[in-house]
Protein chains: 2
Amino acid sequence: MDTSFTEENYLKAIYHLSADESKQVNTNQIATVLNTKAASVTDMLKKLSGKNLINYERYQGVELTGLGKTIALKIIRKHRLWEYFLVEKLAFGWDEVHDLAEQLEHIQSTELTDRLDEFLGFPKYDPHGDPIPDQSGTIKCAEMKSIAVLKAGNAGIISGIKEHSSSFLQYLEKMDLKIGKKIAVEEIIPFDETVVLRTENGEKINVSKAAAKYILIQDEQL
Amino acid sequence: MDTSFTEENYLKAIYHLSADESKQVNTNQIATVLNTKAASVTDMLKKLSGKNLINYERYQGVELTGLGKTIALKIIRKHRLWEYFLVEKLAFGWDEVHDLAEQLEHIQSTELTDRLDEFLGFPKYDPHGDPIPDQSGTIKCAEMKSIAVLKAGNAGIISGIKEHSSSFLQYLEKMDLKIGKKIAVEEIIPFDETVVLRTENGEKINVSKAAAKYILIQDEQL
DNA sequence: TGTTATTTTTAGACTAATCTAAATTAAATA
DNA sequence: TATTTAATTTAGATTAGTCTAAAAATAACA
């Protein structure tokens, strides 16, 4: 199966949209995230449907087929491995690597992907805490919850984020909230639901409700 | 200046063709190396000319402008740095990396290129012995001569090749002729001009006239 | 349920890169 | 120099991906 740069971007977008909502994805949603027009999306959906990469019926939205999902996961695997490479080996900031990984993820070579994986020591998570699919496309799906739902006394490791805008990434940078950091919730201030976090070295960090929603923690990374 | 994937491939092809012959490059030559048709080349030449990347007059062949040469050298820099990465870090064979580097060379980011360069330790030569242009596009142009023109007693370091087909690369692999290897010409057998090489550890390697033409040596690598 | 609003699709056109086939120019040769 | 040959360019068509504007289907709501 031969997929173009553009087709791959559509598959990836559909994957991400259906992962968030785990159901049919709409034409307009796709148009929005890909910065294109609904008419263009419809054209591409017909093409992808013809290649058996998606199930599509007019006006009913789409979902990926098994094959489409496999391809999407391969691209996501490449994206996250390259992000890891850029941050760990080339010392890029985690807020700088997304656009580069968007280019690198389309390099065609399973051999290259697997050797890169090995070179990096088979990492399980990318710099944003997102899990990296393995060769077979399997994702280690750790339980993650937003710190906005925690109560005082709860603790865990910052493991992921639900918002990837560079303004949010820079906010995290400023607050010194990094993936892998161990934190505990000290209290939640009733007035505006500010979450007060305490780190291992005693540092205190105040996080607004708005930001807390987008920060995910889990009990222990494998 | 914004150049497409395809435009970049044309610029690179023109650069290589004019480096070999240091003069005007013909439409048909370009069509041959890019595996396309003369008519397509003509169209693209008009486009590149309009962008001031080449000097072009109908029926008279082309040459790169300063700007065109700068862009070509940037692509070649990226190509050779990625080849070095693939061989030195990911343990690919030097005969396996060309097609991958053809893809990677089009990744757009000066920052990435420069950081990769640093990560690799600012290598001067790629795995095939070709010089890697620096940030400013300058090439360290060491004197290299074919071992076919040497006489008995001459010595040097294998530094480059003039033929990049994978059959030739595999031949070199078999003969254990690697870039960086110190060799001396022991004798040239008059009958068929076979070149007898002696390596540092006393190994004797017989190279046919046909192969000798494509193997380059220099006195000392910097 | 009927009407309005929203979403999605179709129709037709555009750009970049390519092609084939025919026409033109330059080079080679008699 | 005239004629043949080879190289190059033009003309017109094709494909992938995109767009705008208009039509069709669905959803929302009075």
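All chains are named by letter (A, B, ...) in the order of the sequence lines, taking the proteins before the strands, and each is independently numbered beginning at 1. Heavy-atom basis, side chains included; hydrogens, waters and symmetry copies ignored.
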[X] side chain N/O closer than 4.0 Å to the phosphate oxygens (OP1, OP2) of [N]?
X	N	result
A/T6	D/dA16	no
B/Y10	C/dT18	yes
B/R58	D/dT10	yes
A/N26	C/dT7	no
A/K46	C/dT10	yes
B/K37	C/dT18	no
A/S4	D/dA16	no
A/S40	D/dC19	yes
A/T42	C/dT10	no
A/N28	C/dT6	no

* For B/D126 and B/H79, test the side chains for any donor-to-acceptor distance below 3.5 angstrom and give the result as yes or no. => no
* To do: Report yes or no: do B/E57 and B/Q24 form a side-chain donor-acceptor pair below 3.5 Å?
  => no
* Flag if over 12 foreign heavy atoms under 6.0 Å of NZ, B/K74 ->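 No, NZ of B/K74 has 12 or fewer neighbouring heavy atoms, counting only those of other groups under 6.0 Å.
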May I have the distance from [X] (atom [atom1]) to [N] (atom [atom2]), rounded to whole angstrom?
X	N	atom1	atom2	answer
A/M44	D/dC19	CE	P	11 Å
A/D2	D/dT15	CG	C1'	15 Å
B/N9	C/dA16	CG	C1'	15 Å
A/L45	C/dT9	CG	P	7 Å
A/Q60	D/dA27	CD	C1'	11 Å
B/D43	D/dT8	CG	P	15 Å
A/Q24	D/dT26	CD	P	14 Å
A/Q29	C/dT8	CD	C1'	13 Å

* With ring centroids as reference points, do A/H164 and A/H128 lie under 6.0 angstrom apart? ->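 Yes, the ring of A/H164 comes within the 6.0 Å limit of the ring of A/H128, centre to centre.
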* Asked: Would a line drawn from the ring center of A/Y214 to the ring center of A/Y171 be shorter than 6.0 Å?
  -> no
* **Side-chain-base donor-acceptor pair under 3.5 Å for B/Y59 and C/dT24** => yes
* Residue met sooner reading DNA chain D from 5', once A/T36 and B/T27 are mapped to nucleotides ->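 Of the two residues, B/T27 wins.
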* Say you draw a straight line from CD1 of B/I14 to CD of B/Q29; how long is it, rounded to the nearest 0.5 Å? ->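 Reported value, rounded in 0.5 Å steps: 10.5 Å.
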* Contact class for A/Y56 (heavy atom, under 4.0 Å): base, sugar-phosphate, or nothing? ->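 Result for A/Y56 = sugar-phosphate.
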